[in-house]
Participant: 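Here you go, one structure.
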2 protein chains.
Amino acid sequence: MTRIQKVAELAGVSTATVSRALAGKPSVSPATRERVERAARDLGYVVSATASSLASGRNRNVGIVMPFLNRWFFTTAMAGAHRVLTDAGYDVTLYHCEPNRLDDPDGADNPRRSRLFADSLLRKRTDGLIMVTLSLTAAERTSLHGIGKPVIALDRPQEGITALAVDNLAIAHTAMSHLLELGHTRIGFVGGIVPYDLDFHVPLLRRQGYEASLVDAGLEIDPLLMCDAEFTVDGGYDAASQILGAGEPPTALFAASDELAIGAHAAIRDRGLRIPEDVSLIGIDGNPLAEVFGITTIDQHPDAQGAAAARELLKELEPTSPHAAAAVRLPFELVERRSTARARD
Amino acid sequence: MTRIQKVAELAGVSTATVSRALAGKPSVSPATRERVERAARDLGYVVSATASSLASGRNRNVGIVMPFLNRWFFTTAMAGAHRVLTDAGYDVTLYHCEPNRLDDPDGADNPRRSRLFADSLLRKRTDGLIMVTLSLTAAERTSLHGIGKPVIALDRPQEGITALAVDNLAIAHTAMSHLLELGHTRIGFVGGIVPYDLDFHVPLLRRQGYEASLVDAGLEIDPLLMCDAEFTVDGGYDAASQILGAGEPPTALFAASDELAIGAHAAIRDRGLRIPEDVSLIGIDGNPLAEVFGITTIDQHPDAQGAAAARELLKELEPTSPHAAAAVRLPFELVERRSTARARD
DNA sequence: CTGAAAGCGCTAACAC
DNA sequence: GTGTTAGCGCTTTCAG
């Protein structure tokens, strides 16, 4: 492969000047820059990332760490971050952090995860890290701090780490307001639980939002109208079935995610009920699949969340460039579709 | 950060020996190795990936290039490859290769993609590449060859690149055989098209398999029973609706993917038809979502496909380790669920 | 089996 | 604005 020396020779300058010109440093005369760029192009020269990293201490590479590599929310957030980072000239190295099982909260028996924090993440390959919806143990946090590189956590506030998180209470409130404004008073809650990493953060906030909205509206909290499940379509089916079969049925269902809502959708129809005539249904996320079923949702723009996390990280990596100092807001919004309608009198 | 020198001092050996010991080279006495490992552990030393790369020429890093970063099939294949690679001690950097639009087949107006092939991929950051379901232009192939690193293509045979691909003809044949054995004679085809990169490879093979099966069974090919759509749920809905509304309706539908099948499922039910009593339905892929709807499918194990591609690449990266020389088979299989049943007489 | 020494390809002071 | 000169932190001949 062509090295910098060749380019220097062809352009008739020193390697230092080639380096400066190609890095876009200001201290290069236009004429020289032009000659260097031509020489580089003619030779098909591209700098060696490793050599550049070693010499400069900057990798132009950031790591994204995710608990799941093929679930919609995670990969969509990742894609958002990826685009911002590559547009800024960074490469992205993807790390998989296996969730700890509930019966092994410290990951004593999670070798892949141990290796990640003991080795992979410490190899100095990245300039910074984005951790998507991941809960770390104290030891892991210590390990991360040891590398002395910026870390941004997305959707999981944790001690000592800059975090971006959507306002889950407000999201739940928005969903409930929509239902309440349509005149519903018996509203069921298909809640989600996260069966790993002992993390009840998001599910808890959404449930709290549900209950608070009910109380604010002067309505009672009926335990028979609430049921939890994993954040999966199957879970939503079962939880909704249970709610619909117990006591006086609700006229509306609020599901803590779109996947749960899709499951609830099937459960409602399987009981011979119509949507929205008999039961209104709303979810959370913005999963395109919900659109196919006409399910009203609160879109939380996971791609934008990933992009925001990436921008936040870039801000720390390149303090020189001017960035808005304002706190990051992760927006969300109601998307009305045909699964919600006025309650019948 | 601790450097190799510190470890050498603590262990009372030279840096060369530390390097050898930690790399697992055989030419180190057990006693020395032991001392070095202890010293490294005590100091929390982890080698710098960049320094090691520069000195050795090996990155222990492979690139995965994908046209979509958040679609189930792609991310599932990626996850399969990721696991094999990280288990082998490699990091994975993820590249996004934007598909070329049909009105710009050479990507003249696709700056992100141009940059990928002109820069990112040439920075010598990786030891090899896995390209998932991606069609390259001649120029891109040339560019790739220039870097002189092994490349494995998954599910897209192309000139000059080692490729792994599932037998799409056989898959279609298996699906059709299932339907035919159930006594169906009017079978519709919800076909997929790929509206980018001018690539009609997979859709074409699946359609050919459909037609060939019909011919083999002595049945006629009825154009009214075939309709193409994008590989999306929406597309499946529309295509199925059209088939069900034209001429004498089929008693079974074969969809070229599970997403198409899910759309078809909704279309069938929306016309007041029952599954499988009125219409049988089969898809392709193994998408877990199809399971929720009870849709029979041909599972093609995308995770295993990704893993196979990764193993194939490792074989080229580490010719020393013993590997089976046998050609790679990508298996698939019929998964019967409740969407298919005997045709009524 | 181990050490000394020469780079890997580039960048960053420091001169001029 | 540009060249010279040290390294960045590690691996790898080459000796012994």
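The basis for the numbers below is simple: all heavy atoms, side chains too, and nothing from hydrogens, waters or symmetry mates. Here is the naming used below: chain letters follow the sequence lines, and residue numbers restart at 1 for every chain.
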Participant: State whether a side-chain donor-acceptor pair under 3.5 Å links A/D106 with A/T137.
Facilitator: no
Participant: Hey, mind stepping through B/F117 and B/Y95 against ring pair (Phe, Tyr, Trp, His ring centres under 6.0 Å) and telling me if it holds?
Facilitator: CA-CA 10 Å; B/F117 284 94; B/Y95 296 99; 9.7 Å; no
Participant: Checking B/T32 against B/S29: is there a side-chain donor and acceptor pair closer than 3.5 Å?
Facilitator: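 B/S29 vs B/T32: donor-acceptor pair found between side chains.
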Participant: With each end axis built from five pairs of C1' atoms, what bend angle do you get for the helix from C/dC1-D/dG16 to C/dC16-D/dG1? Round to 10°.
Facilitator: 30°
Participant: Under 3.5 Å, is there a donor-acceptor pair linking the side chains of B/N70 and A/T76?
Facilitator: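 Yes, a side-chain donor-acceptor pair sits under 3.5 Å.
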Participant: Taking the basic N atoms (NZ, or NE/NH1/NH2) and the acidic carboxylate oxygens, is any pair closer than 4.0 Å for A/R20 and A/E37?
Facilitator: no
Participant: So does A/T126 get a backbone contact from the side chain of A/K149, meaning a donor-acceptor N/O pair under 3.5 Å?
Facilitator: yes
Participant: Hey, can you pull the residues of residues 30-43 of chain A with a non-hydrogen atom under 4.0 angstrom from DNA chain D?
Facilitator: A/T32
Participant: How would nucleotides 8-16 of chain D be written as a contact map, 5' to 3', with B for base contact, S for sugar-phosphate-only contact and - for no contact, using protein heavy atoms under 4.0 Å?
Facilitator: BBBSBB---
Participant: If you measure from the Lys or Arg side-chain nitrogens to the Asp or Glu carboxylate oxygens, is any gap between B/D303 and B/R83 under 4.0 Å?
Facilitator: no
Participant: Between B/R112 and A/D87, is there a side-chain N and carboxylate O pair less than 4.0 Å apart?
Facilitator: yes
Participant: Base, sugar-phosphate or nothing for A/S29? Non-hydrogen atoms, less than 4.0 Å.
Facilitator: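 Sugar-phosphate, backbone atoms only, no base.
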Participant: Is the terminal nitrogen or CZ of B/R71 (NZ for Lys, CZ for Arg) located under 6.0 angstrom from the six-membered ring centre of B/F73 and within 45° of that ring's axis?
Facilitator: no
Participant: Using a distance-only test with no angle check, is there a side-chain donor-acceptor pair under 3.5 angstrom linking A/T93 and A/N61?
Facilitator: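 Present: a donor and an acceptor within the cut-off.
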